[in-house]
Number of protein chains: 2
Amino acid sequence: MLSNACKYAIRSILYLAIHSDDSKKIGVKKIAEELESPQPFLAKLLQQLSKKNLVSSVKGPSGGFYLSKSNLENSVWNTIECIDGTDKFTKCFMGLSSCGDENPCPVHFTVAPFKQKILHDFKDRTIRDFAEEIKLKGRRISLKDFEVT
Amino acid sequence: MLSNACKYAIRSILYLAIHSDDSKKIGVKKIAEELESPQPFLAKLLQQLSKKNLVSSVKGPSGGFYLSKSNLENSVWNTIECIDGTDKFTKCFMGLSSCGDENPCPVHFTVAPFKQKILHDFKDRTIRDFAEEIKLKGRRISLKDFEVT
DNA sequence: ACAAAAAAAGACAATTATATCTGTTTATAT
DNA sequence: ATATAAACAGATATAATTGTCTTTTTTTGT
Ligand code: FES
Ligand code: FES
């Protein structure tokens with residue numbers, strides 16, 4: 001559903017939400033290893049995210065990426081907007097121009113409620129919320145199922 | 001969500017379900033015009049569908065594509081399998097290897113119910129079912145909102 | 001001040017998805 | 001029988017996505 005790029009981005013942010021803060025920055029190399037994602041590609045993505053203030057970074061030795069307090073208040077929707085754009089979720093599933101209850105396509109009513117639900121969750125829950133749940137209930141964000149300390 | 005290819009394919013099949021039968025075949029040109037989709041690309045797709053017996057065709061003058069009785073008993077799931085493959089629907093939304101309630105990713109529980117519902121609709125409802133609904137309730141399958149006679 | 005470490009920036013390469021073009025085969029209508 | 005209309009098949013073209021490589025800039029620790 002999402003592009004690889006977007007999946008990497010979201011997982012990185014959640015990873016940072018759990019493992020970093022302004023006194024503990026993490027480099028691309030480490031992040032890429034933990035998430036088992038291509039390092040230079042991830043670097044690009046983090047730079048895009050950084051431009052939109054979805055992640056924070058400092059250069060130089062002992063620098064790296066982290067999430068500031070304000071970064072934690074963003075939604076995953078913001079990330080999707082930043083990397084993929086949100087057409088997939090707002091436009092018609094069958095590729096017709098508009099999507100609405102008035103002029104529905106054949107699959108509209110099987111897909112629409114769902115879209116609503118996803119949109120809601122992705123827009124209303126903050127990264128902080130997701131991080132809490134991950135810590136509390138132990139969700140996976142990497143293939144290696146690393147510990148959530 | 002679906003590729004363009006798959007969207008064109010599904011819409012073509014639904015179009016044929018409504019407008020064709022074994023005594024009334026329709027050529028690619030006509031279909032492409034009605035659906036406003038790229039003609040040669042659609043031709044390729046119809047050939048793929050034809051190989052898997054999802055559409056029927058005859059060559060030569062006054063030939064074209066149509067849906068046989070048995071074609072009408074297929075599901076849209078069959079079409080998705082044929083064109084895109086079904087990974088998008090069965091695999092993890094975040095790109096992790098497996099998807100299940102035991103080792104869920106952070107978005108699993110917002111996405112999973114939806115997946116179920118869609119899967120169900122796409123697998124259990126036949127093309128004939130969809131065609132009925134389109135005729136009865138007037139769903140759009142083209143941008144031009146063509147009449148459903 | 002200086003060296004090293006890390007992000008940032010930009011050019012490049014490979015793969016896949018999308019789309020087109022050309023020619024061949026087959027069935028139909030005359 | 002023959003011309004024609006259509007599907008069928010295969011090669012090619014374009015664009016987007018995914019991924020890599022190299023260089024530059026900034027920051028920190030010594
Ligand atoms: S009109 Fe197609 S999904 Fe809403
Ligand atoms: S585990 Fe990710 S969607 Fe199910």
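Labels below follow one simple rule: chain letters A, B, ... track the order of the sequence lines, proteins then strands, and each chain is numbered from 1.
Looking at heavy atoms from C-beta onward, B:L54 lies in side-chain contact with B:C82 at the 4.5 angstrom threshold. At a threshold of 4.5 Å between non-hydrogen side-chain atoms, the residues A:V58 and A:Y66 count as touching. Using a 4.5 Å cut-off on side-chain heavy atoms (C-beta onward), B:I26 and B:Y15 make contact. Within the 4.5 Å cutoff, no side-chain heavy atoms of B:D124 are placed close to those of B:W77.
In this entry the distance linking OH of B:Y66 with C1' of C:dA27 reads 13 Å, nearest Å. Taking atom NZ of B:K29 as the reference point, atom C1' of D:dA6 lies 12 Å away to the nearest angstrom. The distance from atom CE of B:M1 to atom P of C:dA17 is 18 Å, rounded to the nearest whole Å. The distance between atom NZ of B:K25 and atom C1' of D:dC8, rounded to the nearest whole Å, is 17 Å. In this structure, CD of B:Q47 is placed 15 Å from P of C:dT25, rounded to the nearest angstrom. In this structure, the CG atom of B:L49 is 11 Å from the P atom of D:dC8, given to the nearest Å. Between the P atom of C:dT20 and the CG atom of B:L46 lies a distance of 15 Å, rounded to the nearest Å. Following rounding to the nearest Å, B:I26 (CD1) and D:dA5 (P) show an atom-to-atom distance of 19 Å.
The side chain to side chain contact (heavy atoms under 4.5 Å, CB included) test applied to B:E36 returns B:S142, B:L143, B:K144, not counting sequence neighbours.
Within 4.0 Å of A:K7, counting heavy atoms only, lies no atom of the nucleic acid at all. Among the heavy atoms of the strands lying under 4.0 Å from B:K51 are primed sugar atoms or P, OP1, OP2 only; no base atom is included.
Residue A:S57 has no polar side-chain atom (N or O) positioned under 4.0 Å from OP1 or OP2 of C:dA6. OP1 or OP2 of C:dA29 sits under 4.0 Å from a side-chain N or O of B:S62.
Rounding to the nearest 0.5 Å places NZ of A:K88 at 12.0 Å from CD1 of A:I118.
Remark: nothing in residues 88-96 of chain B comes within less than 4.0 Å of DNA chain C through any heavy atom.
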Under 4.0 Å protein heavy-atom contacts per nucleotide of nucleotides 14-26 of chain D, with B for base, S for backbone only and - for none: ----SBB----BB
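Using the six-membered ring where Trp is involved, B:F93 and A:F122 have ring planes that are tilted, between 30° and 60° apart.
In terms of heavy-atom proximity, B:L96 sits nearest to B:C105 at CD1-CB, 3.7 Å. The minimum heavy-atom distance between B:F65 and B:V55, with the atom names listed, is CD2-CG2, 4.0 Å.
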